[in-house]
Amino acid sequence: MIRKLLSYLLLLMPLLVMSCGEDDYGVPERSAETIRQLSVLDAAITERAPSAMSLAEKGMESAQDSFTYYDFFIRQGKIMLLSPRPDKLLTYTYQTKQFIDRQSESPRLNGLKAYTYELQANYYHRYYIKQQRAIEVRTIAYEAMLKSDNHEFLPELCANMADSYSQNNDLAKAAYWYRRALFLADSLKLPDSRFASLYLGIARVYLSMEDFEKSLHYFTFCERLFDVMPPNMKVLYLCCRGNYYYFVKEYEQSLVMFGKMKKFLESEKEDGIDMAICMIDMADIYLNLGKMEEAADYLERAEKFFKEVNMPMGIYYANTIRI
């Protein structure tokens, strides 16, 4: 209730309390403690930790200026994006945009603007399937980020732009934006862990374009960074690399990759959708290798899961293999 009351008050007027220091634009500078709090919060959001919302609320309550307040406030919107009610994030983006429109342009304001518009673009991209609208909003975010105080976010934003173009069936532009993301990550001297997702993304785009030579080139870079990948990316890499070998008809090598994926998922005690996808792909590979008994076994296990969760695409894939 207190958080909602504060939100409505801020909708009518900006906070008047200022921090001790200001930048050349007269905008309050983030304190070392604020930077630490935001880092902890961002990690919690990425990991989908239950504590994320309370961390955001604490940051808002302790904010010494309106910019800091909205740094935490808009992250509540990102939490909503990953929740069962993603449409609620639009309340956060709308209110933050109102605050932005009342301020003079500055690097810190542009950073907040880029984060806000990118969050809205993510909503269109993931749930509304309005890829062209997502691209338009992401363009605003990208232009703001170029003039912001947080250039380290640029590679990720470019990668998201690439994903929008890929979903919009414009693979040439998708490849361009992934190359742009790699160039920026290299220029900013970001750690290896930040490159892994970019190499994997562009490898997948070239695989969709059936440019197998370039796809393998970037998959090779991914392989070198496997140890620094988070668990979900390791699963995605093994699946995509297995699909690469499947498409070039190297079925034995494809089976090796999906076997590694299965073993990794078992080590993570993951028995959900990722395991079902792994098993249905292995069924397809065994079918192509003429090993019918193994194909039938994996098919039945995967099909059972798809039917339990009512996943039409998985059921359709299972039926094509059965036929």
Side-chain angles (χ1 to χ4, degrees), residues 1-17 27-28 30 34-35 37-131 133-145 148-150 153 156-157 160-161 163-164:
M1 180 63 72
I2 293 175
R3 178 172 60 81
K4 289 184 178 179
L5 179 58
L6 282 171
S7 298
Y8 289 132
L9 288 173
L10 280 162
L11 188 61
L12 298 175
M13 59 180 295
L15 286 172
L16 299 178
V17 181
V27 175
R30 289 188 186 90
T34 295
I35 294 171
Q37 286 179 305
L38 288 170
S39 178
V40 172
L41 174 56
D42 286 336
I45 293 173
T46 298
E47 296 167 6
R48 302 194 183 192
S51 61
M53 186 61 80
S54 63
L55 288 171
E57 290 174 348
K58 288 178 182 178
M60 290 159 59
E61 291 169 2
S62 63
Q64 296 298 304
D65 60 81
S66 52
F67 281 86
T68 300
Y69 178 93
Y70 277 101
D71 279 338
F72 288 98
F73 178 77
I74 192 59
R75 281 165 171 79
Q76 288 189 316
K78 188 168 186 178
I79 295 169
M80 290 297 103
L81 178 68
L82 303 174
S83 76
R85 285 295 309 276
D87 56 304
K88 287 187 175 181
L89 81 87
L90 297 177
T91 300
Y92 293 88
T93 57
Y94 174 75
Q95 184 169 327
T96 306
K97 284 180 181 180
Q98 285 196 317
F99 168 75
I100 291 168
D101 290 343
R102 294 196 299 267
Q103 312 305 313
S104 299
E105 186 171 338
S106 68
R108 186 170 180 185
L109 184 73
N110 281 323
L112 179 62
K113 181 178 180 178
Y115 192 102
T116 303
Y117 277 80
E118 172 60 14
L119 189 58
Q120 183 179 350
N122 259 312
Y123 176 65
Y124 290 132
H125 176 78
R126 297 179 62 176
Y127 297 101
Y128 264 28
I129 320 298
K130 292 182 178 180
Q131 297 307 327
R133 180 58 179 154
I135 290 169
E136 292 169 1
V137 176
R138 280 207 166 107
T139 299
I140 296 172
Y142 176 72
E143 292 173 351
M145 188 56 70
S148 77
D149 60 348
N150 186 15
F153 184 63
E156 182 180 337
L157 201 157
N160 291 342
M161 184 78 86
D163 287 340
S164 286

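Leu55 and Ala44 make their closest contact through CD1-CB, 3.9 Å (heavy atoms, listed as atom of the first residue, atom of the second, distance). Across all non-hydrogen atoms, the minimal contact from Tyr117 to Ala141 is CB-CB, 3.9 Å. Here the shortest heavy-atom pairing between Ser104 and Leu109 reads O-CD2, 3.3 Å. Taking every heavy atom of both residues into account, Asp149 and Gly111 meet most closely at OD1-CA, 4.0 Å. Of all non-hydrogen atoms in Ser106 and Val27, the two that sit nearest each other are OG-CG2, 3.4 Å. Between Ser164 and Ile135, the shortest heavy-atom distance links the atoms CB-CG1, 3.7 Å.
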*List the steps, then state whether side chain to side chain contact (heavy atoms under 4.5 Å, CB included) holds for Met60 with Gln76.*
CA-CA 10 Å; Met60 290 159 59; Gln76 288 189 316; 3.5 Å; yes
message: Using side chain to side chain contact (heavy atoms under 4.5 Å, CB included), reason through Arg138 and Asn122 one step at a time and then give a plain yes or no.
response: CA-CA 9 Å; Arg138 280 207 166 107; Asn122 259 312; 3.1 Å; yes
Item to complete: Decide side chain to side chain contact (heavy atoms under 4.5 Å, CB included) for Gln95 and Tyr70; before the verdict, give the C-alpha distance in whole Å, the side-chain angles of both, and the deciding distance to 0.1 Å.
Response: CA-CA 9 Å; Gln95 184 169 327; Tyr70 277 101; 3.6 Å; yes
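Without hydrogens or angle criteria, Gln64 side chain to Ser62 main chain gives a donor-acceptor distance under 3.5 Å.
Taking the centre and axis of the six-membered ring of Tyr92, the NZ or CZ atom of Lys78 falls outside the cone set by 45° and 6.0 Å.
The distance from atom OH of Tyr124 to atom CG of Leu90, rounded to the nearest 0.5 Å, is 6.5 Å. The OH atom of Tyr115 sits 12.0 Å away from the CG atom of Leu157 when rounded to the nearest 0.5 Å. To the nearest 0.5 Å, the span separating CD on Gln131 from NE2 on His125 amounts to 5.0 Å. Between the CG atom in Leu41 and the CD atom in Glu57 there is a gap of 11.0 Å [rounded to 0.5 Å]. The NZ atom of Lys97 lies 12.0 Å from the CG atom of Leu112; values are rounded to the nearest 0.5 Å. Thr34 contributes atom OG1, which lies 8.0 Å from atom CG of Asp71 (distance to the nearest 0.5 angstrom).
Residues passing the ring pair (Phe, Tyr, Trp, His ring centres under 6.0 Å) test with Tyr142 are Trp177, sequence neighbours excluded. Partners of Glu143 according to the salt bridge (charged side-chain N to carboxylate O under 4.0 Å, His left out) rule, which considers only residues two or more places apart in sequence or in another chain, do not exist here.
For the residue pair Asn150 / Arg108, no side-chain donor-acceptor distance below 3.5 Å is found, with atom types taken as modelled.
Tyr69 and Phe73 have parallel rings, their planes meeting at less than 30° on a 0 to 90° scale where 60° marks the start of perpendicular.
The stretch residues 45-67 participates, sequence neighbours left out, in these ring-ring contact (aromatic ring centres under 6.0 Å, His included) pairs: Phe67-Phe99.
Salt-bridge check for Arg133 with Glu136: passed, with a basic side-chain N closer than 4.0 Å to an acidic carboxylate O.
Results of the side-chain contact (heavy atoms from CB on, under 4.5 Å) test with Met80 over Met53, Arg75, Arg85 single out Met53 as the only residue that passes.
Counting heavy atoms from C-beta on, the side chains of Asp163 and Asn160 come closer than 4.5 Å.
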